[in-house]
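Next up is a structure, given as structure tokens.
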Amino acid sequence: MCKQFDHNKFEPQIVEKSKKVIAQTVKSNVKTETFTITLPPPNVTGSLHLGHAFTSVIQDMLLRYKRQHGYVTLGQPGLDHAGIATQIIVANQLQDQGINWQELGRDEFIDRVWKWKEQSGGTILYQLVRLGMSIDLDRVRFTMDDDASNAVLYAFTTLYKDGLIYRAKKIVNWDPILKTAISDIEVSNKTQPGKMWYIKYPIGTCDFITIATTRPETVFGDQALAVHPDDERYKHLIGKKARIPLTDKSIPIIADDYCDREKGSGVFKVTPAHDFADFEIGQRHNLHCLSIMDEAGRMNDEVPEEFRGLPGIEARKKLIKVLLEKGLLERTEDIVHSVPYNNRSGAIIEPMVTNQWFLDTKVLAEAAIKAVETGRIRFVPEQWANTYFEWLRNIQPWCLSRQILWGHQIPVWHAENGKMFCAMTEAEAKQQAKKYFDVDEKSLPKLTRDPDVLDTWFSSALWPFVTLGWPRDQTEMRKHYPTDVLVTGFDIIFFWVARMVMFGLYFAKEVPFKVVYINPLVRDEHGQKMSKSKGNVIDPLHLMDKYGTDALRLTLATLAVPGRDVNIGESHVEIGRNFVTKMWNASKFLEMKGYIFDREFKTYRENLIQPLNKWIVRKLIEFKRAAQSALDEHRFDLYAQSIHKFLKDVFCDTYIEAIKLCDDEETRKTACSVFLEYLKVAHPVIPFVTEYLWEKLTNGTEQMLLISPWTNNINDYELKPDLVDHYISVAGEVRSLKGLIGCKEKLDLLVKSGENDAFVSANEHWIRPLARVNSVELVEAFPARGIRFFVAGQEFFVKYPHEVSRSLFDKKLSALTQDMSKLTAKIENESYKKAKPEEWQNDVDLLAVKKAELQKMEAVNWCNA
RNA sequence: GGUCGUAUAGCUCAGAGGUAGAGCACUACGUUGACAUCGUAGGGGUCACAGGUUCGAUCCCUGUUGCGACCACCA
């Protein structure tokens with residue numbers, strides 16, 4: 001047997017072997033109950049990063065756990081077409097090839113995207129499988145495949161018919177680089193240094209009013225100046241006119257409560273076409289909405305000639321220069337303010353007034369809020385429900401349309417007279433038009449399909465039920481919907497989670513999932529966000545190559561502490577790898593001892609004679625309970641911890657050390673079957689090494705570990721600590737003493753004869769190796785030379801011919817007296833005695849034991865020679 | 001401005017109303033038949049600060065401070 005688990009060799013073999021079994025358990029398993037997770041579909045452009053790996057492993061632990069227990073288990077895989085992200089990538093590729101994508105035309109461009117998708121789109125799926133994701137790749141769905149596309153059309157037309165989708169000319173967040181609208185949650189604000197310019201607007205012939213702005217180039221779009229109605233400084237100007245610098249266009253000075261007297265100069269320029277707040281003020285005061293920029297953010301023909309065609313930032317520079325020359329710039333102030341960006345393109349967002357499609361989300365949001373309030377959906381950790389509520393309670397209409405090419409084209413056809421027909425197909429739209437215009441096919445006016453496509457998240461919001469056949473086929477819906485758990489990051493609670501709930505309730509009439517597990521954000525070792533620019537990105541594939549997939553998975557699980565970001569570095573994965581090796585070595589020991597796998601041997605149930613073997617089975621049961629409840633409560637960190645602890649502290653450090661001299665059949669069988677049962681419990685987190693060892697130790701006679709249920713716990717098993725625990729502590733104390741006196745040779749342990757004599761004689765064969773002593777003898781009295789020690793009041797003795805330093809004795813003594821004084825103080829507290837009489841009595845007993853120990857220690861000063 | 005999270009060993013982090021835990025790092029010893037990707041033993045903490053509840057608070061409550069995230073505002 002080789003030195004360690006050769007992950008690079010065995011992982012692919014196990015993946016291959018698991019395939020069929022996984023596909024089978026999607027369709028049928030032992031039970032009729034289902035367990036379903038809709039995996040968040042990664043971008044088709046994506047490749048695996050640690051964040052994916054993290055969510056994926058959490059989901060896979062649940063899938064494997066439930067699959068082992070017999071559930072019909074479905075982890076529904078998929079890919080997202082990721083409209084904007086994908087379009088950017090393909091456009092850049094074309095550009096690199098010297099092709100101007102904008103000249104290709106819609107159909108040709110989309111064709112290119114599909115080609116690219118076929119070529120490299122599946123990468124991430126194979127990476128997920130490498131990560132051990134127990135999913136059936138034959139079930140992979142794509143948000144742009146035919147069924148999904150039809151579902152999107154169906155959903156859109158339904159919402160349109162129900163009056164929830166409308167088209168309107170409104171101010172939206174506009175990306176001048178991509179030349180598309182984006183939704184408000186796609187905008188991220190960055191705090192950065194900037195300037196505040198104080199500009200003088202002439203009033204009459206010799207007066208001025210000063211406004212403050214961070215975006216002077218928008219002055220040409222101004223429709224009014226606003227002041228607070230009660231502002232004594234400006235009250236007299238209300239109703240008068242001011243003139244825009246350079247153009248001399250007259251605009252009214254109006255009063256509006258929105259004005260904050262403290263900010264800037266207290267005068268507020270109103271530019272309805274280029275600012276959200278101004279847009280609303282404009283509506284209130286019936287102001288004209290004048291756009292002064294084109295779709296690329298350049299100044300249009302509404303501005304003085306010298307500024308036309310300039311990008312906003314250039315226009316700003318030029319304007320400031322001119323204002324300065326004309327003496328209209330009062331002053332400039334350096335400030336720090338936040339600027340809206342689109343992270344995808346890097347563009348600074350320009351608010352623009354355009355025609356867009358909106359979804360009225362108010363009613364949908366109310367239902368979604370209720371679903372969580374009433375507990376039909378539970379957030380883990382709970383506090384994320386706050387984030388969810390806060391957004392939904394202040395929800396704005398969802399801007400659905402994007403002016404890009406890659407995505408689901410809006411199923412609305414426009415007639416030249418402005419009438420719109422929403423239908424799933426062009427033919428249906430024509431039918432509607434014929435009816436509306438009351439004409440036949442030939443004289444039907446020309447219909448043009450709306451060129452916009454839908455926000456990618458529209459199709460994502462339908463994902464949990466689209467992947468189950470909705471709206472075409474209800475068979476799988478009945479079995480798997482609502483799904484059980486959704487695992488995702490907090491950053492997409494708005495983008496995805498809330499919208500799935502809204503659409504799920506609306507279309508499928510039921511919540512899409514029962515639990516939302518919000519997984520922590522993955523950061524680097526020092527708590528820094530991973531980013532390409534910082535160069536601190538860790539590639540999970542590299543970690544898998546180097547340390548093995550199991551090591552990575554175990555590490556991620558260990559770190560999955562709820563409500564806290566996760567810092568991960570290579571050193572963490574090293575620990576995982578070391579643990580896998582430990583497991584490997586434990587199995588090597590069993591092999592060397594001549595383990596016996598015996599199907600009929602039900603160690604967990606009956607017939608064990610040896611206390612030590614009973615003990616390890618008891619420990620196994622305790623461990624399984626802990627592991628199971630950790631998984632049930634989504635405490636993957638505690639689960640991983642229990643996996644680690646049982647193998648290392650209990651199985652290796654105690655049991656294996658103790659049985660080194662045992663050669664009986666009961667022990668060999670027990671050791672083997674406890675280890676095998678342990679493999680089952682550890683399987684969900686470290687599927688590869690456990691599967692490998694399972695097959696090896698069972699000689700391939702059993703079904704895969706992947707579908708081996710954990711053996712039921714026995715409830716009547718005596719789970720209280722017993723004499724075995726006591727003598728394990730005694731052995732530990734002997735080792736500790738030897739360490740403290742720096743003794744290397746083997747000693748003899750003497751036990752004073754008493755009520756446990758029979759137990760000691762019958763069990764010395766394992767106490768001896770565990771304590772690392774030559775012999776364990778029962779004696780009536782201790783000799784003069786040696787070290788006395790106490791465990792739970794019982795007295796022991798180690799023969800030791802040399803002198804022992806006084807300091808060791810003092811150390812033990814002071815630890816004991818310290819314990820005692822603490823205990824005494826506690827016991828003397830009358831209120832404690834009254835409040836918790838049983839606990840109080842326990843402490844009294846404990847103190848008595850310690851007192852006895854102290855007396856004995858003082859009576860025989862064991863350290864003097 | 002609002003909301004949420006968080007503060008425990010040198011580092012990364014668990015934890016429970018009643019004697020403070022792990023891993024890494026550190027110190028010493030050790031290649032004895034599972035394991036040097038290791039073992040054995042050890043050192044190391046006023047559990048951020050101030051109040052309150054309690055017989056008892058590191059744990060619960062309130063406040064303060066530090067750190068982080070999100071939302072809003074941003075003339």
Side-chain angles (χ1 to χ4, degrees), chain A residues 1 3-4 185 189 191 194 196-199 211-215 225-226 258-260 262-271 275-278 335-340 381 383-384 386-387 389-391 394 490-491 493-494 521 523 525-527 529 547 551 558-559 561 563-569 571-572 574-593 637-638 641 644-645 649 652-653 656-657 660 732 735-744 746 772 815 818-820 822-823 825-826 828-836 839-840 842-843 846:
Chain A
M1 196 163 172
K3 219 164 170 246
Q4 67 193 81
I185 48 177
N189 292 301
T191 304
M196 179 82 82
W197 284 277
Y198 289 78
I199 300 170
I211 61 96
T213 180
T214 52
R215 300 175 63 212
L225 297 183
Y258 177 79
C259 278
D260 184 340
E262 307 302 317
K263 280 185 181 168
S265 62
V267 187
F268 180 76
K269 71 193 249 328
V270 185
T271 321
D275 185 283
F276 283 89
D278 296 17
I335 55 160
V336 174
H337 63 153
S338 61
V339 178
Q383 75 254 16
W384 288 111
N386 287 329
T387 307
F389 286 140
E390 197 186 307
W391 186 67
N394 300 302
F490 68 85
D491 48 335
I493 289 176
F494 308 150
L521 189 73
R523 298 166 173 280
E525 229 163 342
H526 310 289
K529 230 176 190 165
Y547 299 103
T558 308
L559 295 173
V561 176
R564 193 168 186 145
D565 288 350
V566 162
N567 299 351
I568 179 168
S571 59
H572 293 107
E574 218 168 285
I575 297 164
R577 187 264 324 263
N578 294 353
F579 178 77
V580 169
T581 305
K582 187 81 186 169
M583 184 180 284
W584 183 260
N585 284 321
S587 82
K588 250 165 80 177
F589 172 82
L590 297 179
E591 196 178 36
M592 187 201 80
K593 283 302 264 189
D637 58 326
L638 298 180
Q641 228 172 65
H644 196 273
K645 236 182 159 146
D649 298 354
C652 292
D653 291 358
I656 285 186
E657 290 304 327
K660 280 193 167 162
R735 293 199 310 267
S736 169
L737 280 171
K738 281 178 67 183
L740 285 168
I741 59 175
C743 162
K744 284 167 212 166
K746 280 202 172 175
R772 283 171 238 282
Q818 212 177 346
D819 281 358
M820 285 174 65
K822 273 187 193 168
L823 261 180
K826 212 172 139 189
E828 281 168 357
N829 187 332
E830 280 300 315
S831 311
Y832 175 46
K833 183 179 177 182
K834 246 188 258 168
K836 299 272 177 72
E839 284 183 38
W840 182 83
N842 281 342
D843 286 338
L846 188 59

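Within every chain, numbering begins at 1; the chains are lettered A, B, ... in the order of the sequence lines, protein sequences first and strands thereafter.
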Legend entry - Given B:rA14, B:rG68, B:rU12, the nucleotide with the shortest approach to the side chain of A:V561: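 Nucleotide nearest to A:V561's side chain: B:rA14.
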Inset, instruction - Tell me whether the OP1 or OP2 atom of B:rG42 has a side-chain N or O from A:S736 closer than 4.0 Å. - result: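 Yes, such a contact exists.
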Inset, instruction - Give a yes/no on whether any side-chain N or O of A:K3 is located under 4.0 angstrom from OP1 or OP2 of B:rA36. - result: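 For B:rA36, OP1 or OP2 has a side-chain N or O of A:K3 closer than 4.0 Å.
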Inset, instruction - Establish, with yes or no, whether the OP1 or OP2 oxygen of B:rG39 is under 4.0 angstrom from a side-chain nitrogen or oxygen of A:K582. - result: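 For A:K582, the contact criterion (side-chain N or O under 4.0 Å from OP1 or OP2 of B:rG39) is met.
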Inset, instruction - Indicate, with a heavy-atom threshold strictly under 4.0 Å, whether A:F494 touches base, sugar-phosphate, or nothing. - result: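 Contact class for A:F494: sugar-phosphate only.
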Legend entry - Nearest-neighbour nucleotide for the A:N585 side chain, B:rC35, B:rC24, B:rA14 considered: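 Nearest to the side-chain atoms of A:N585, counting from C-beta on, is B:rC35.
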Legend entry - Heavy-atom donor-acceptor pair, A:T558 side-chain to B:rC13 base, under 3.5 Å: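 A donor-acceptor contact between them is absent.
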Legend entry - Nearest-Å distance once atom P is located in both B:rG2 and B:rA20: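 Rounded to whole Å, the distance is 39 Å.
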Inset, instruction - For A:N842, enumerate each residue passing the side-chain hydrogen bond (donor to acceptor under 3.5 Å, both in side chains) test, keeping only those at least two apart in sequence or located in another chain. - result: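 With sequence neighbours excluded, A:N842 shows a side-chain hydrogen bond (donor to acceptor under 3.5 Å, both in side chains) to no residue whatsoever.
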Inset, instruction - Determine the interatomic distance between C1' on B:rA25 and the same-named atom on B:rC67; round to the nearest Å. - result: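 After rounding to an integer number of Å, I get 24 Å for this pair.
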Inset, instruction - Applying side-chain hydrogen bond (donor to acceptor under 3.5 Å, both in side chains), name anything that partners A:T271, two or more places apart in sequence or on another chain. - result: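 Partners of A:T271 under the side-chain hydrogen bond (donor to acceptor under 3.5 Å, both in side chains) test: A:D222, A:K269.
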Inset, instruction - Could you check how far NZ of A:K834 sits from P of B:rU54, rounded to whole Å? - result: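 The answer, rounded to whole Å, is 15 Å.
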Legend entry - A:N829, nearest nucleotide to its side chain (from B:rC55, B:rG33, B:rU3):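 Ranking B:rC55, B:rG33, B:rU3 by closest atom to the A:N829 side chain puts B:rC55 first.
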Inset, instruction - Ignoring the backbone of A:N567, work out which of B:rG18, B:rU12, B:rC4 is nearest its side chain. - result: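 Of B:rG18, B:rU12, B:rC4, B:rU12 is nearest to the side chain of A:N567.
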Legend entry - Earlier contact from the 5' end, RNA chain B, for A:A835 and A:R215: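 Result: A:A835.
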Inset, instruction - Look at the side-chain N and O atoms of A:N189 and state whether any lies under 4.0 Å from the OP1 or OP2 oxygen of B:rC73. - result: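 For A:N189, the contact criterion (side-chain N or O under 4.0 Å from OP1 or OP2 of B:rC73) is not met.
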Inset, instruction - Using the P atom as the reference point in each nucleotide, state the distance between B:rG44 and B:rG5 in Å, no decimals. - result: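 Approximately 36 Å lies between the P atom of B:rG44 and that of B:rG5.
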Inset, instruction - For B:rC38, take OP1 and OP2 only and decide whether either is under 4.0 Å from a side-chain N or O of A:N578. - result: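 A:N578 to B:rC38 OP1/OP2: side-chain N or O found under 4.0 Å.
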Legend entry - Stem list, RNA chain B (Watson-Crick or G-U pairing under 3.5 Å, at least 3 consecutive pairs):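 Stems found: B:1-7 with B:65-71, B:10-13 with B:21-24, B:26-30 with B:38-42, B:48-52 with B:60-64.
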Legend entry - Polar pair under 3.5 Å, donor/acceptor by atom type, side chain A:E657, base B:rA34: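 Per atom types, the contact qualifies.
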Inset, instruction - Between B:rA57 and B:rA69, how far apart are the P atoms? Round to whole Å, please. - result: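 Here B:rA69 and B:rA57 have their P atoms 35 Å from each other.
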Inset, instruction - Would you name the heavy atoms of A:K746 and A:K738 that are closest together and state the gap between them? - result: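 Smallest interatomic distance, heavy atoms only, reads CA-NZ, 4.3 Å.
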Legend entry - Nucleotide of B:rC71, B:rC73, B:rC35 approaching A:K588 most closely (side-chain heavy atoms):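 From the listed options, B:rC35 comes nearest.
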Legend entry - Rounded distance in Å between the P positions of B:rC60 and B:rA41: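 After rounding to an integer number of Å, I get 34 Å for this pair.
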Legend entry - Pairwise P distance, B:rA34 and B:rA22 [rounded to whole Å]: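 Taking atom P in both B:rA22 and B:rA34, they lie 26 Å apart.
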Inset, instruction - Look at all strands and tell whether A:T213 reaches a base, only sugar-phosphate, or nothing, counting heavy atoms closer than 4.0 Å. - result: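 If one applies the 4.0 Å heavy-atom cut-off, A:T213 turns out to touch the sugar-phosphate alone, with no base involved.
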Inset, instruction - Just compare B:rA14, B:rG33, B:rC4 and give me whichever is closest to any side-chain atom of A:M592. - result: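 Per side-chain heavy atoms of A:M592, the pick is B:rG33.
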Inset, instruction - Return yes if the base of B:rG33 and the side-chain atoms of A:K660 contain a donor-acceptor N/O pair under 3.5 Å, otherwise no. - result: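 Check fails, no donor-acceptor contact within cut-off.
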Inset, instruction - Rounded to the nearest angstrom, tell me the gap between atom CH2 in A:W391 and atom P in B:rC71. - result: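 Checked: the CH2 to P distance equals 11 Å.
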Inset, instruction - Tell me which nucleotide among B:rU12, B:rC4, B:rA34 gets nearest to the side chain of A:H572. - result: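 Of the candidates, B:rU12 comes closest.
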Legend entry - P atoms of B:rG23 and B:rG30, separation to the nearest Å: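 Roughly 23 Å separates the two P atoms.
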Legend entry - Trace of the side chain to side chain contact (heavy atoms under 4.5 Å, CB included) decision for A:W384 with A:I493: CA-CA 9 Å; A:W384 288 111; A:I493 289 176; 3.8 Å; yes
Inset, instruction - Round to a whole Å and report the spacing from CG of A:D565 to C1' of B:rU12. - result: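 Spelled out: CG on A:D565 to C1' on B:rU12 is 13 Å.
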Legend entry - Closest to side chain of A:R772, choosing from B:rU40, B:rU19, B:rG18: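 The answer is B:rU40.
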Inset, instruction - Sticking with atom C1', work out how far B:rA7 lies from B:rG45, rounded to a whole angstrom. - result: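 B:rA7 and B:rG45 have their C1' atoms separated by 14 Å.
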Legend entry - Length of the line joining A:L740:CG and B:rA28:C1', which is rounded to integer Å: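 These atoms are roughly 12 Å apart.
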Legend entry - Atom-pair distance (CZ on A:R735; C1' on B:rA28), nearest Å: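 That distance rounds to 17 Å.
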Inset, instruction - Can you tell me the distance, in whole Å, between the CD1 atom of A:I656 and the P atom of B:rC35? - result: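 These atoms are roughly 11 Å apart.
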Inset, instruction - Quick one: label A:D260 by what it contacts on the DNA or RNA (base, sugar-phosphate, nothing), any heavy atom closer than 4.0 Å. - result: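 Result for A:D260 = base.
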